[in-house]
Amino acid sequence: MPSFSLALVLLVYLVSPTSSCTEQEKSSLLQLLTGLSRDGGLTASWRHDTDCCTWEGITCNQDRKVTDLLLASRGLEGPISPFLGNLTGLLRLNLSRNSLSSGLPLELVSSSSILVLDVSFNRLTGGLGELPSSTPVRPLQVLNISSNLFTGRFPSTTWEAMKSLVVLNASSNRFTGQMPTKPCVSAPSFAVLELSFNQLSGNIPPGLSNCSALKLLGAGYNNLSGTLPYELFKVTSLEHLSLPNNRLEGALDGISKLTNLVTLDLGGNELNGSIPESIGDLKRLEELHLEHNSMSGELPTALSNCTNLVTIDLKANQFSGELTKVNFASLSNLKKLDLLSNNFTGTVPESIYSCSKLTALRLSYNPFHGQLSEEIGNLKSLSFLSLANNSLTNIRRTLQILSSSRSLTTLYLGFNFQHETMPEDVSIDSFKNLQVLYINHCSLSGKIPDWLSKLPNLGMLFMQGNKLTGPIPEWISSLHFLFSLDISNNSLTGEIPSALTEMPMLESESTAPKVFFELPVWNKNQFMEYLTPSAFPKELNLAMNNFTGMIPEEIGRLQGLFSLNLSSNRLSGEIPEQICNLTNLQMLDLSGNHLTGKIPAALNNLHFLSRFNISNNDLEGTIPNAGQFSTFPDSSFGGNPKLCGPMVANHCGSAVASSVSIDPIKQIGSEAIIFMTAFGVFFVVGVLYDQKVLARHFG
Ligand SMILES: *[C@@H]1O[C@H](CO)[C@@H](O)[C@H](O)[C@H]1NC(C)=O
Ligand SMILES: *[C@@H]1O[C@H](CO)[C@@H](O)[C@H](O)[C@H]1NC(C)=O
Ligand SMILES: *[C@@H]1O[C@H](CO)[C@@H](O)[C@H](O)[C@H]1NC(C)=O
Ligand SMILES: *[C@@H]1O[C@H](CO)[C@@H](O)[C@H](O)[C@H]1NC(C)=O
Ligand SMILES: *[C@@H]1O[C@H](CO)[C@@H](O)[C@H](O)[C@H]1NC(C)=O
Ligand SMILES: *[C@@H]1O[C@H](CO)[C@@H](O)[C@H](O)[C@H]1NC(C)=O
Ligand SMILES: *[C@@H]1O[C@H](CO)[C@@H](O)[C@H](O)[C@H]1NC(C)=O
Ligand SMILES: *[C@@H]1O[C@H](CO)[C@@H](O)[C@H](O)[C@H]1NC(C)=O
Ligand SMILES: *[C@@H]1O[C@H](CO)[C@@H](O)[C@H](O)[C@H]1NC(C)=O
Ligand SMILES: *[C@@H]1O[C@H](CO)[C@@H](O)[C@H](O)[C@H]1NC(C)=O
Ligand SMILES: *[C@@H]1O[C@H](CO)[C@@H](O)[C@H](O)[C@H]1NC(C)=O
Ligand SMILES: *[C@@H]1O[C@H](CO)[C@@H](O)[C@H](O)[C@H]1NC(C)=O
């Protein structure tokens with residue numbers, strides 16, 4: 001009896017239609033496979049003679065219906081088959097991070113079963129498509145179509161059928177037109193609308209006020225305009241409001257109604273007015289980004305009440321007044337404070353030095369004044385400090401105070417301490433972790449100080465625009481990580497020391513160890529923002545000094561160099577041939593010296609050279625006219641009376657008479673080249689002709 005029932009069960013199981021996935025589901029899946037131009041090896045597992053519930057990436061339920069199709073990061077290429085819409089039990093479809101192309105079949109968006117659809121990071125094109133207005137309610141909850149190539153406007157009727165939608169992520173596409181005007185009218189649980197990095201324009205729709213469950217609204221990096229509508233301030237569920245880099249204008253009044261805000265990012269817009277006193281109501285606020293706007297006025301006292309703040313970024317506005325109104329001491333979670341380029345006055349408020357978690361403090365380009373307080377030593381985690389152009393005085397004391405900051409990696413002190421003297425006796429045991437040091441444009445007198453040789457991790461040193469005298473010290477090559485040195489525009493003297501040609505980082509092409517700036521740094525030469533020092537180019541800038549002697553041949557060892565500027569000195573002798581070994585060079589400026597002799601022809605080997613200047617020297621001979629050289633402007637060569645070539649007034653033939661030191665062999669040489677070229681052309685044409693003739697006769 002028991003064995004009979006077991007057999008019966010077995011029999012029922014074997015003949016039951018639910019014992020395997022249905023032929024129809026199998027064939028829908030195989031439709032996807034056969035449509036792909038690359039299947040990432042799926043064919044091995046997706047075999048027609050096996051149960052599709054056992055195939056890779058597929059999960060079935062007890063009824064042997066396919067519920068999950070998870071094929072993220074499989075290297076799939078080709079279109080997504082609309083036949084997947086026939087999998088009536090499918091709940092989750094994840095095709096993220098493949099190379100799928102063509103459109104997103106509407107059958108999937110409007111599927112009567114799919115809850116989660118993730119096709120992000122593909123190359124899908126076309127629009128989202130309207131659903132027929134008769135479409136019955138659909139269960140889709142999560143739609144991630146971000147990082148594709150979708151275009152066109154957002155359809156309106158899609159939303160009406162999507163009563164269950166919770167998340168729509170359409171960031172990083174090419175959508176145009178307005179934001180969806182009423183995304184929540186039919187979806188009461190709608191919580192995440194992410195539209196950043198598209199080409200949306202128009203206003204922020206008032207219809208958002210119906211989104212009573214919306215937690216995240218992201219539409220940064222679009223072309224949105226107008227003011228923040230007051231209807232937006234009714235969406236009190238909002239926790240993350242992120243609309244940076246649009247063209248939004250007007251004031252922030254009303255923002256304090258969004259008392260659940262954790263992130264407020266409105267940077268890079270055209271907002272004006274001041275930060276309202278009511279900002280203190282945003283008790284949960286952690287991230288405040290209002291940088292690059294036109295905001296003004298004083299910072300309100302109530303900012304001290306936002307005690308959860310981690311980041312305050314107000315750079316590039318016109319905020320003014322003294323900072324003493326704000327009690328920074330109550331912002332004990334603050335890690336980053338960026339006030340770059342505003343109009344704050346007075347002294348740096350002492351209460352900042354109570355923010356013991358602070359890692360980055362940028363106060364530069366504000367008319368503060370006075371001396372740095374010793375209390376800054378309390379900021380034990382401070383890694384990035386920028387005080388450039390703050391009208392500070394007493395560099396000796398400033399360096400002495402900062403030298404004990406063990407965490408400091410990046411220090412900007414430029415445009416301060418005018419006409420003081422570079423201190424020579426900063427404590428030996430200092431700045432152990434300093435990687436980036438700017439003491440530029442301070443008109444400091446004195447020498448390049450020896451204490452710099454004790455900074456074992458220094459990678460970038462900028463001391464241009466001072467009045468430093470004396471030679472480049474020999475210890476320079478002991479700075480093993482130094483890859484960018486700018487001491488231009490000083491009064492330094494002596495020869496270019498051989499030590500400078502032995503700098504380990506400049507000799508090698510390896511990049512500096514990768515660390516990140518706590519705040520992004522703008523480099524005006526490259527017109528770029530940098531997140532890490534290692535992204536800065538390897539550079540040597542000795543311009544505008546009084547260096548004498550020859551350019552050492554050993555300069556050819558600095559294979560890593562990207563930019564070499566020796567201009568406006570009193571260097572003499574020839575341009576060493578070895579300079580042609582610097583094959584990574586993109587910028588070479590030797591102008592304004594007393595260099596003589598010919599331009600080394602091998603400079604043509606510098607294929608990356610895009611800026612080149614040898615003007616105002618005593619160079620002679622022919623300007624190479626091939627390769628890179630044909631791309632440089634005439635001004636690169638001017639002010640060398642004995643140079644000849646098509647770029648300068650002296651044309652080589654006619655200049656012979658007036659030029660004293662024309663090399664006759666060179667003349668013959670260039671004629672010989674013309675001859676050889678003509679011969680070469682003749683030769684090649686001849687050979688081709690011969691082959692054609694031969695082919696006609698024998699082919
Ligand atoms: C499956 O889907 C395709 C495309 O959506 C449709 O043309 C076809 O009729 C469907 N097949 C079945 C058996 O439902
Ligand atoms: C889809 O898969 C990727 C990769 O495994 C994962 O990161 C992503 O979270 C998944 N999407 C959803 C909606 O779960
Ligand atoms: C797509 O978005 C959903 C919802 O935000 C998320 O769960 C999923 O991880 C995202 N997919 C990827 C690949 O990031
Ligand atoms: C949107 O998707 C992208 C992946 O393309 C992901 O990085 C991001 O976190 C998602 N945003 C939200 C709010 O889910
Ligand atoms: C949407 O919100 C407005 C007020 O902001 C209200 O008058 C309207 O009834 C709401 N519509 C729906 C469908 O909830
Ligand atoms: C942004 O929108 C304005 C009109 O509002 C238009 O003139 C401008 O060309 C748009 N900019 C971009 C980059 O699309
Ligand atoms: C802000 O800009 C608007 C125009 O966008 C202007 O009407 C208003 O006067 C400005 N307010 C302030 C305080 O500058
Ligand atoms: C800051 O918060 C305290 C206590 O919650 C309150 O008494 C005070 O009025 C608030 N200050 C401002 C300026 O909002
Ligand atoms: C900076 O503030 C001062 C007053 O403190 C004012 O006179 C000056 O015009 C302001 N500068 C700018 C650029 O706003
Ligand atoms: C320093 O800042 C002041 C304003 O605070 C500005 O006028 C001046 O141009 C700045 N100096 C430099 C060199 O940028
Ligand atoms: C270089 O030295 C000369 C003569 O000693 C002096 O006149 C000139 O000002 C110096 N130039 C610089 C930039 O220091
Ligand atoms: C320059 O390169 C050539 C060949 O590439 C090599 O023979 C020569 O030694 C190099 N000179 C220097 C100074 O590195």
Side-chain angles (χ1 to χ4, degrees), residues 32 40-42 55-59 66-77 80 84 87 90-101 104 108-109 111 113-125 128 138-151 154 158-159 162 164-175 179-180 183-184 187 189-200 204 208 211 213-222 224 232 235 237-246 258 260-267 286-287 289 531:
L32 171 71
L42 275 187
W55 294 354
E56 263 183 67
I58 288 170
T59 309
V66 177
T67 57
D68 292 75
L69 182 48
L70 307 178
L71 296 174
S73 307
R74 289 284 182 142
L76 309 181
E77 280 183 34
I80 302 174
L84 293 181
L87 300 167
L90 190 62
L91 302 175
R92 284 163 291 266
L93 176 55
N94 192 341
L95 299 172
S96 168
R97 296 183 195 275
N98 286 293
S99 301
L100 299 166
S101 51
L104 175 63
L108 302 181
V109 181
S111 143
S113 63
I114 296 180
L115 304 177
V116 178
L117 179 53
D118 189 346
V119 292
S120 59
F121 297 100
N122 280 289
R123 295 184 205 143
L124 299 175
T125 53
L128 262 191
R138 290 305 183 210
L140 191 66
Q141 292 173 4
V142 174
L143 179 58
N144 191 344
I145 56 171
S146 89
S147 300
N148 278 286
L149 304 168
F150 287 111
T151 50
F154 272 93
T158 303
W159 314 112
M162 301 296 168
S164 306
L165 202 60
V166 177
V167 178
L168 171 61
N169 191 342
S171 63
S172 302
N173 278 289
R174 296 173 185 173
F175 285 112
M179 282 174 66
C184 315
S189 308
F190 197 52
V192 174
L193 179 58
E194 176 56 274
L195 304 169
S196 304
F197 297 99
N198 278 289
Q199 292 153 26
L200 301 172
I204 297 182
L208 283 171
C211 297
L214 197 63
K215 288 191 166 169
L216 183 146
L217 174 60
Y221 299 87
N222 279 287
L224 301 173
L232 179 65
V235 189
S237 54
L238 266 181
E239 292 174 9
H240 307 279
L241 178 59
S242 180
L243 303 168
N245 292 63
N246 281 291
L258 302 179
N260 284 308
L261 276 188
V262 175
T263 309
L264 177 60
D265 186 355
L266 299 171
E286 291 176 15
E287 297 285 321
H289 293 268
L531 300 174

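Along the sequence shown, the residues carry numbers beginning at 1. As the structure lists them, so they are numbered: ligands from 1, and atoms in each ligand from 1.
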Enquirer: Given Ile114, which partner from the list Leu90, Leu143, Leu84 fulfils the side-chain contact (heavy atoms from CB on, under 4.5 Å) test?
Expert: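 Only one of Leu90, Leu143, Leu84 forms a side-chain contact (heavy atoms from CB on, under 4.5 Å) with Ile114, namely Leu90.
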Enquirer: Using side-chain contact (heavy atoms from CB on, under 4.5 Å) as the criterion, point out the one residue from Asn222, Asn173, Asn246 that pairs with Leu200.
Expert: Asn222
Enquirer: Can you list the ligand 4 atoms lying under 4.0 Å from a non-hydrogen atom of Val192?
Expert: 13 (C)
Enquirer: Atom CG of Asn245 and atom CG of Leu266: how far apart are they, to the nearest 0.5 Å?
Expert: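 The distance works out to 11.0 Å.
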Enquirer: Hey, which atoms in ligand 4 end up nearer than 4.0 Å to a heavy atom of Ser147?
Expert: 5 (O)
Enquirer: Once you round to the nearest 0.5 Å, how far does CG of Leu168 lie from CG of Leu195?
Expert: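 So the gap between those two atoms works out to 6.0 Å.
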Enquirer: Just jot down the ligand 4 atoms closer than 4.0 angstrom to any heavy atom of Ser146, in number order.
Expert: 2 (O), 3 (C), 4 (C), 5 (O)
Enquirer: Check each of Pro183, Cys211, Cys184 against Leu193 using the side-chain contact (heavy atoms from CB on, under 4.5 Å) test, and report the only one that passes.
Expert: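 In the set Pro183, Cys211, Cys184, the residue that makes a side-chain contact (heavy atoms from CB on, under 4.5 Å) with Leu193 is Pro183.
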Enquirer: Could you check Glu77 against Asn98 for side chain to side chain contact (heavy atoms under 4.5 Å, CB included), going step by step and ending with a plain yes or no?
Expert: CA-CA 7 Å; Glu77 280 183 34; Asn98 286 293; over 6 Å; no
Enquirer: List the protein residues in contact with ligand 2, where contact means a heavy-atom separation under 4.0 angstrom.
Expert: Ala72, Asn94, Val116, Asp118
Enquirer: Please determine, by modelled atom types, if Ser120 and Ser147 share a side-chain donor-acceptor pair under 3.5 angstrom.
Expert: no
